[in-house]
Amino acid sequence: MPELPDVEGFRRTLAEHGVGKPITGVTTLDAGVLRGVSARKLREVLRGRRFGEPRRLGKWLIVPVDGGPETVVLHFGMTGSLEWSGPDDRQRHDRVIFAFDDGELRYRDMRKLQGLRLLVDDAELHRLLAGTGPDALEVSQERFRELLGRRRGLKQLLTDQAVLAGLGNLLADEILWRARIDPHVRAADLDRGAADRVHREMRRVLREAVKAGRVPPRKTWLTGRRDEPSGSCPRCGCALARGRVGGRGTVWCPRCQAG
DNA sequence: GCCCGTGTTACTAC
DNA sequence: TGTAGTAACACGGG
């Protein structure tokens with residue numbers, strides 16, 4: 001699930017329920033999601049403290065611990081989420097639970113491809129995020145044009161977190177479909193009009209998805225059709241094409257996105 | 001058992 | 001140096 005809009009939704013969940021009140025307990029149900037920190041240290045550092053205002057960079061959720069200098073950083077991999085709930089509805093893939101007086105915040109993740117970090121100071125935080133590109137929602141049209149000036153495939157570039165942070169495989173397909181660009185093209189081959197079109201559609205898709213707190217499963221979106229066995233283009237009705245681009249499963253409309 | 005997958009990284013090779 | 005391809009991580013679904 002998690003691409004930029006989903007992580008933004010998790011950020012809001014945390015901001016609404018987890019900020020400014022004492023953390024009464026931290027329970028690690030599966031230490032396999034802890035990166036560079038033990039369950040014991042996580043609990044000892046956080047218990048009795050409070051989370052500050054969370055921020056997001058691409059798919060990273062960054063949560064300062066009130067009073068510093070520590071920061072909790074979460075990444076959700078392909079299957080992670082953050083849920084707010086009462087104490088009694090534990091689910092199978094809950095891995096870490098932050099308890100408060102009025103409920104629990106659960107880090108849930110089936111595949112454990114990523115996880116949760118406790119960074120002990122700002123230097124460590126900067127080191128972790130140093131290789132991350134600008135957030136896809138923040139990047140200007142001019143900066144975006146500059147980022148595209150490389151020989152690589154456009155789709156690979158859009159999903160490379162070191163270039164641009166926040167887009168995943170599904171969103172990249174959605175954006176290229178809207179911009180009517182063949183996913184196989186090289187980034188540097190786009191003319192200025194096409195590059196600006198990608199930037200505009202990227203912002204539209206992200207804004208709408210962020211509003212919904214996730215990528216909405218609408219049939220008018222490519223994403224809403226890609227799992228149908230014989231999916232058709234929501235715009236022109238022709239059969240969607242499937243293949244691999246940059247090593248990832250890719251869906252596009254062979255008519256609307258003709259190279 | 002087979003293949004696939006909303007993510008990332010390490011490694012190899014051109 | 002830049003780029004592409006592959007395997008690996010762990011788990012579930014078709």
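First the proteins, then the strands, lettered A, B, ... as listed; each starts at 1.
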From CG of A:Asp173 over to P of B:dG5, roughly how many Å is that when rounded to an integer?
11 Å
Residue pairs, two or more places apart or on separate chains, that pass side chain to side chain donor-acceptor pair (under 3.5 Å) and touch residues 156-166 of chain A
A:Arg152-A:Asp160
State which residues pass side chain to side chain contact (heavy atoms under 4.5 Å, CB included) with A:Asp94; sequence neighbours excluded, sorted by chain then number.
A:Leu29, A:Arg90, A:Gln91, A:Arg106, A:Arg108
Over how many whole Å does the gap from A:Met110 atom CE to C:dA10 atom P extend?
13 Å
If I pick the P atom on B:dC2 and the same atom on C:dA7, what distance separates them, to the nearest angstrom?
15 Å
If I take atom NZ in residue A:Lys112 and atom C1' in nucleotide C:dG12, what distance separates them, rounded to the nearest angstrom?
13 Å
Partner residues of A:Arg255 under the side chain to side chain contact (heavy atoms under 4.5 Å, CB included) criterion, sequence neighbours left out:
A:Cys236, A:Cys238, A:Cys253
Does A:Arg244 place a side-chain N or O at less than 4.0 Å from the phosphate oxygens OP1/OP2 of C:dG5?
no
For residues 18-27 of chain A, which side-chain N or O atoms pair as donor and acceptor with protein atoms under 3.5 Å away, sequence neighbours left out?
unit_1	atom_1	unit_2	atom_2	d
A:Lys21	NZ	A:His17	O	2.5
A:Lys21	NZ	A:Asp102	OD1	3.1
A:Lys21	NZ	A:Asp102	OD2	3.0
A:Thr24	OG1	A:Ala99	O	3.0

Mark yes or no for whether A:Arg95, through its side chain, and A:Met110, through its backbone, hold a donor-acceptor pair below 3.5 Å.
yes
If a pair means Watson-Crick or G-U wobble with both distances below 3.5 Å, what does DNA chain B look like in dot-bracket form, with | marking bases paired to a different strand?
.||||.||||||||
Are A:Leu171 and A:Met78 co-members of a hydrophobic cluster defined by side-chain heavy atoms under 4.5 Å apart?
no
Can you see which heavy atom on A:Leu157 is nearest to which on A:Ala187, and at what distance?
CD2-CB, 3.5 Å
Shorter than 3.5 Å, N or O on both sides, protein versus nucleotides 6-8 of chain C: list them out with atom names.
none

Hydrogens and angles aside, do A:Glu83 and A:Ser81 bring a side-chain donor and acceptor to less than 3.5 Å of each other?
yes
A:Glu174 side chain vs A:Leu222 backbone, donor-acceptor pair below 3.5 Å:
yes
Polar atom pairs between nucleotides 1-3 of chain B and protein, under 3.5 Å, N or O only, would you list them?
none

Between P of C:dG2 and CZ of A:Arg150, the distance in whole Å:
8 Å
Does a side-chain N or O from A:His93 land closer than 4.0 Å to OP1 or OP2 of C:dA10, or not?
no
Using a 4.5 Å side-chain heavy-atom cut-off and chaining through intermediate ILVMFWY residues, the residues clustered with A:Val73 come out as A:Leu57, A:Trp60, A:Ile62, A:Leu119, A:Leu125, A:Leu128, A:Leu129
Under the salt bridge (Lys or Arg N to Asp or Glu O under 4.0 Å) test, residues paired with A:Arg145 that sit two or more places apart:
A:Asp196
Got a list of protein N/O to nucleotides 6-8 of chain B N/O distances below 3.5 Å?
unit_1	atom_1	unit_2	atom_2	d
B:dT6	OP2	A:Asn169	ND2	3.1
B:dT6	OP2	A:Arg248	NH2	2.9
B:dT6	O5'	A:Arg248	NH2	3.1
B:dT6	N1	A:Met1	N	3.0
B:dT6	O2	A:Met1	N	3.0
B:dT6	O2	A:Met1	O	2.0
B:dT6	O2	A:Pro2	N	3.4
B:dT6	N3	A:Met1	N	2.6
B:dG7	OP1	A:Lys59	NZ	2.6
B:dG7	OP2	A:Asn169	N	3.1
B:dG7	OP2	A:Arg248	NH1	3.2
B:dG7	OP2	A:Arg248	NH2	3.4
B:dT8	OP1	A:His75	NE2	2.9
B:dT8	OP2	A:Lys59	NZ	3.1
B:dT8	O4'	A:Gln114	NE2	3.4

When you compare the protein's N or O atoms with those of nucleotides 10-14 of chain B, which come within less than 3.5 Å of each other, and at what distance?
none

Could you tell me the separation between the CD atom of A:Gln156 and the P atom of C:dT3, rounded to a whole number of Å?
11 Å
Residue pairs involving residues 117-133 of chain A (criterion side chain to side chain donor-acceptor pair (under 3.5 Å); sequence neighbours excluded)
none
Any donor and acceptor pair, going by atom type alone, linking the side chain of A:Asp173 with main-chain N or O of A:Leu170 inside 3.5 Å?
no
Phosphate-side-chain proximity, A:Arg152 and C:dA4, N/O vs OP1/OP2 below 4.0 Å
yes
From CG of A:Asp160 across to P of C:dG5 the rounded distance in Å is 14 Å
Over 60° means perpendicular and under 30° means parallel, so classify the ring planes of A:His199 and A:Phe144, tilted if in between.
tilted
Below 4.0 Å: OP1/OP2 of B:dC4 and any side-chain N or O of A:Arg242
no
Students often get this wrong, so: under 4.0 angstrom with heavy atoms, is A:Gly80 touching a base, only sugar-phosphate, or nothing?
nothing
N/O donor-acceptor pair under 3.5 Å between A:Asp66 side chain and A:Arg50 backbone:
no
With a 3.5 Å distance limit and no angle check, can you tell me whether A:Lys219 reaches the backbone of A:Gly224 through a side-chain donor-acceptor pair?
yes
